[in-house]
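These notes are about the structure you will find just below.
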Amino acid sequence: MSLARRRFLAIGTGTALAASAGPAAATGSGAGAVEGAGSGRPACYRWRNVEIVGGGFVTGIVHHPRRRGLVYARTDIGGAVRFDNRTRRWVQLLQWVGWDEWSLTGVESLALDPADPGRLYLAVGTYTNEWSPINGAILRSRDQGRTFERTDLPFKLGGNEPGRSMGERLVVDPRDGRVLLFGTRNQGLWRSADSGRTWARSDGFPVAGNPGIGIGFVFFDPRDGTIYAGVADPAHPLYRSADGGHTWTTVPGQPTGLLPHHGDLGADGNIYVTYGDLPGPYEMYDGAVHKLNTATGEWTDITPLRPNTGGEAGFGYAGLATDPRKPGTVMVSTMSRWGPVDDVFRSVDGGRTWHSIGERIVLDTSGAPYLDFHGTPKLGWMIGDISIDPFDSNKVMYVTGATIFGTEDVTEAEADRSTHWSVRAQGLEETAVLDLISPPWGPPLISALGDIGVYRHDRLDVVPPDGQASNPVSGTSPSLDYAARTPGFVVRLANANAGERGAFSTDAGASWQPFAGEPPAMTQPGRIAVGADARTIVWAPGDVVAHYSRDRGATWIAVAGLPVATVVVGDRVDGRLFYGFDPATGTAYVSTNGGVAFTATATGLPTGSGKLETVLDRAGNCWLAAGPGGLYRSVDRGLTYLPVTTIEEAYTIGFGKAAPSCPEMAAYTSGKVAGVRGIYRSDDGAASWVRVNDDQHQYASTGDAIAGDPRVYGRVYLSTNGLGIPYGEPV
């Protein structure tokens, strides 16, 4: 079966755009020019990322075997990156992915052509679930990811599903770069004979493995062309083919009962395999490491630390690397060893003896201080892959659920000396961003992120030195707000235990105090809003009616007149005014007594979704972004909302400093104007819009939050689902 192809081009370093969208001229690194939809004026913006460093699961890392310093990493939702040896930073290769194809930022696997350092292949697609309508694709590049061509697949991929650090599933034949094999989750083994342009299922492969996991890795033995494939089948985990993949047999004598995670051919001629009883990354309760002597067919159990012994809970093994310069040198990692902590083990004698990296590690987390969550920094969790530099045996990198660590002295472990590791994820921004605020005072930005909490950014180009917000330290944080007329007052929410779900700050997020109480019977934190004068906080949980507090969260009283799951926002000028919107019925509400009671006002508004935001410079102005229902504006204190007819869809709405000589604040949205999706700015109260991003900088999902900077005209901050916090400024 041949598959259709679509062409993608790139302009600038590490970016790409769809040719069907029309060409865009680059004006320098990270900059692009587009014609402003609706205004006819050009908007030239430079796009960068707010510095957090890491923040998500890096699922694989691969060095090119023949080009020094060429290394790539893949992530579960945050795209793929290439290391830039000049800047010592990673370059994102998939920020061009657009809104309608957001799933392509989840990378199932990557492959390099050993004979051609320019060629890179990515298997992309985030979910195989029924609710995700987007099939997977193979992206192929001849220039290390600066440009891509694309082949769509007739099935979905699962870059963010269990077993996502298995690999690599995609591989190039080292003896014929035109041939690629791809082990899928549910569709068996696929083969391309034309450098990834077209693909067909290999009917000779006998099994698909456990549904949803399938074939976890494929690799070639370059000495004789034998192919090995690891399958999520505990009865028959490893297969091999001696005829180019036409026929396959199980490897004799192999261990059974576990699922293979990684497999690699060492320089000593042995095949090494890591195993777990589950695909990971969250749960494994048993595991092992085995090697196969390909000359004799003998298998040997070389597990460094036996799970379920010594009173310790079970765990498995995942990460694996061999050193091509030193036969017998192998490194493996545990997975789901939540207590005491995951570890990396190193052997220089083919697994007869092992050295624990964790026992004598010197770990520097200053590159991403949030990694020191509760005291002593640890090696990390979800260590799904390891890569030894093929040109320097001292250099190793391994990936975790939040970052990449690296060292230049790993061989010290062999003398029972400490090895020194530090954060190596600079340039890789993989946070899922849930809310953003840019107050008129204090830091330019405070952000609320999935998994790793809330951050105060005093400088956009510097990692927050204090890490995530504490007291309490929280994981996923869905909502922030600030009191515009009370400098320093900020509130935040978290998906946490009762008593730890809300907090306030009086110094713009430098320190926090947890709310002493919270709305009763709530289980979903929902959203939070604060009045301009900081007298009233309104908390609208996702599963109980909204409550208000007049004592900074010590006590909460149910508001009158609002249904459950209503969106609420405070006026930025008048502390007595709060606005509400019920996306279930399309009804707007207003409170004029500080959130005590709300009254229904406008009806017949779009249903399904809605975000409210108010402006800093005038009372009574509230905007509603209703997603596919468009954009609405009230200028009469929430009594009526009129549609903004210059825009078709609006998923977010935010405001920043007004343009020179313009009476209204600049408005920003992620939406659609004149049939084109993008990030838009209006300087004239939504009479017209200019697109400020371009096809090189689309960032996939940008629908959770947007914030204009009230002190810097034209600056806008975006939320993404895995590509961090991009911000744009006029060039």
Side-chain angles (χ1 to χ4, degrees), residues 56-60 76 128 158-167 169 183 185-186 207-217 229-238 251 254-264 272-292 299-321 330-347 351 354 356-359 373-374 378-386 398-402 451 475:
F57 189 12
V58 185
T59 50
D76 53 2
T128 61
N160 192 36
E161 294 188 353
R164 54 192 180 272
S165 60
M166 289 177 168
R169 301 172 185 264
R185 290 177 175 267
N186 298 298
V207 296
N210 285 349
I213 308 300
I215 303 170
F217 60 79
V231 178
D233 178 359
H236 306 286
L238 191 65
V251 177
Q254 65 178 298
T256 59
L258 297 170
L259 309 181
H261 206 93
H262 277 282
D264 194 15
Y272 295 86
V273 185
T274 54
Y275 299 86
D277 62 333
L278 293 171
Y282 304 114
E283 290 181 281
M284 284 187 183
Y285 302 100
D286 198 4
V289 183
H290 294 266
K291 72 174 180 180
L292 167 65
W299 283 89
T300 305
D301 185 341
I302 57 170
T303 307
L305 179 66
R306 189 70 55 189
N308 299 297
T309 59
E312 184 178 329
F315 57 87
Y317 284 87
L320 168 69
V330 59
M331 298 181 71
V332 299
S333 70
T334 63
M335 179 169 274
S336 299
R337 190 186 181 206
W338 299 106
V341 68
D342 275 316
D343 202 350
V344 175
F345 294 94
R346 178 177 171 87
S347 175
W354 294 91
S356 163
I357 295 297
E359 284 182 359
F373 285 101
H374 296 285
K378 298 177 173 60
L379 279 80
W381 60 96
M382 293 155 57
I383 304 175
D385 202 8
I386 309 169
Y398 70 84
V399 302
T400 79
D451 294 333

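- Note that OH of Tyr398 and CE of Met331 are 9.0 Å apart. Values are rounded to the nearest 0.5 Å.
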| task | List the steps, then state whether side-chain contact (heavy atoms from CB on, under 4.5 Å) holds for Val344 with Ile386. | result | CA-CA 9 Å; Val344 175; Ile386 309 169; 4.1 Å; yes
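- For Ser356 and Asp343, the side-chain atoms include at least one donor-acceptor pair closer than 3.5 Å.
- For the pair Phe345 and Ile357, the minimum side-chain heavy-atom distance is 4.5 Å or more.
- Of the possible donor and acceptor atoms, none in the side chain of Arg185 sits under 3.5 Å from a partner among the backbone N and O of Pro211.
- Remark: Lys378 NZ to Thr400 OG1 distance equals 13.5 Å, nearest 0.5 Å.
- In plain terms, the two heavy atoms of Ser336 and Pro281 that are nearest each other are OG-O, 3.0 Å.
- Across every non-hydrogen atom of Ala235 and Thr256, the tightest pair is O-CG2, 3.4 Å.
- No donor-acceptor pair under 3.5 Å is formed between the side chain of Thr300 and the backbone N or O of Ile302.
- The main-chain N or O of His236 is never found under 3.5 Å from a side-chain atom of Gln254 such that the two would form a donor-acceptor pair.
- Here the side chain of Trp338 pairs no donor or acceptor atom with the backbone of Phe315 at under 3.5 angstrom.
- The closest side-chain heavy-atom distance from Arg164 to Asp76 is below 4.5 Å.
- Ionic pairing of Arg306 and Asp301 is present here: one or more N-O contacts between side-chain nitrogen and carboxylate oxygen are shorter than 4.0 angstrom.
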| request: Please report the C-alpha distance between Val332 and Trp354 in whole Å, then the side-chain angles of each, then the deciding distance to 0.1 Å, and finally whether the side-chain contact (heavy atoms from CB on, under 4.5 Å) criterion is met. | output: CA-CA 10 Å; Val332 299; Trp354 294 91; 3.9 Å; yes
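- Not one N or O on the side chain of Thr303 forms a donor-acceptor pair closer than 3.5 Å with the backbone of Ala288.
- Taking both residues in full, the closest heavy atoms of Pro304 and Val289 are given as CD-CG2, 3.8 Å, listed atom of the first, atom of the second, then distance.
- Taking all atoms of both residues into account, the shortest heavy-atom contact from Pro260 to Phe217 is CB-CE2, 3.6 Å.
- In this structure, NE2 in His290 is found 11.5 Å from CG in Leu238, a value given to the nearest 0.5 Å.
- Counting only heavy atoms from C-beta outward, the side chains of Val330 and Leu320 approach each other to under 4.5 Å.
- Looking at heavy atoms from C-beta onward, Pro307 lies out of side-chain contact with Tyr285 at the 4.5 angstrom threshold.
- Taking the side chain as every heavy atom from C-beta outward, Ile213 and Met166 approach each other to under 4.5 Å.
- Taking the side chain as every heavy atom from C-beta outward, Tyr282 and Met382 approach each other to under 4.5 Å.
- Proximity of a side-chain donor or acceptor of Asp385 to a complementary backbone N or O of Thr59 within less than 3.5 Å is not detected.
- Note: Lys291 NZ to Trp299 CH2 = 12.0 Å, rounded to the nearest 0.5 Å.
- In this structure, Asp277 contributes its side chain and Leu258 its backbone to no donor-acceptor pair below 3.5 Å.
- Side chain to side chain, Ser165 and His261 meet the donor-acceptor criterion of an N or O pair below 3.5 Å.
- Residue pairs meeting the side chain to side chain donor-acceptor pair (under 3.5 Å) criterion with at least one partner in residues 307-319, sequence neighbours excluded, are Glu312-Arg337.
- The only option from Leu379, Thr274, Ile383, Val399 that meets the side-chain contact (heavy atoms from CB on, under 4.5 Å) definition with Ser333 turns out to be Ile383.
- Between the side chains of Thr334 and Asp342, at least one donor N or O sits under 3.5 Å from an acceptor N or O.
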